[in-house]
Amino acid sequence: LLHVIIMILIVVSVCTATGAWNWLIDPDTQKVSFFSSLWNHPFFTISCITLIALFFAGIHKRVVAPSIIAARCRTVLAEYNMSCDDTGKLILKPRPNIQ
């Protein structure tokens with residue numbers, strides 16, 4: 001599920017960047033009003049609205065939260081000579097030799 005969310009975010013971001021580039025290099029953008037220029041570039045307008053809606057829906061939290069949780073778990077587990085991978089599986093490290 002996380003891979004799908006990341007792919008959606010990447011696709012919408014690339015579409016927004018491409019639309020923004022086409023919107024900025026259009027010579028008519030300088031001559032018409034802001035809303036008219038957005039109306040003339042529906043690809044940019046729709047992708048930008050979609051990106052904003054995704055952020056309001058919390059897609060950025062779903063992408064960042066698992067890595068934050070894993071990092072905090074690694075910090076706590078390090079004191080007990082353990083760790084975990086990105087999926088949350090526990091990794092037991094060998095016991096240190098006390099001499």
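Position 1 is the first residue of the sequence, and the numbers go up from there.
Taking CD1 from I46 and CG from L38, the interatomic distance works out to 11.5 Å, rounded to the nearest 0.5 Å. The distance from atom CG of D28 to atom NE2 of H41, rounded to the nearest 0.5 Å, is 7.0 Å. In this structure, CG on L92 lies 9.5 Å from CG on L77, to the nearest 0.5 angstrom. Separating the OG atom in S67 from the CZ atom in R72 is a distance of 10.0 Å, to the nearest 0.5 Å.
When all heavy atoms of L51 and S13 are compared, the pair lying nearest together is CD1-OG, 3.9 Å. Minimum heavy-atom separation, I59 to F55: CG2-N, 4.1 Å.
In this structure, the side chains of D26 and S37 stay at 4.5 Å or more apart for every pair of heavy atoms. The closest side-chain heavy-atom distance from C84 to I91 is not below 4.5 Å. The shortest distance between side-chain heavy atoms of N40 and T29 does not fall below 4.5 Å.
Ring orientation note: the planes of W23 and F44 are close to parallel, at an angle under 30° on the 30°/60° scale.
Using a distance-only test at 3.5 Å, with no hydrogens or angles considered, no donor-acceptor pair links the side chain of S47 to the main chain of V12. Between the side chain of S36 and the backbone N or O of V32 there is no donor-acceptor pair closer than 3.5 Å.
W39 and F34 end up in different hydrophobic clusters when Ile, Leu, Val, Met, Phe, Trp and Tyr side chains are linked at under 4.5 Å.
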Take L90 and D85, measure what side-chain contact (heavy atoms from CB on, under 4.5 Å) needs, and give me the verdict at the end. CA-CA 7 Å; L90 187 63; D85 61 5; over 6 Å; no
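Partner of I8 under the side chain to side chain contact (heavy atoms under 4.5 Å, CB included) criterion, out of I5, V4, I6: V4 alone.
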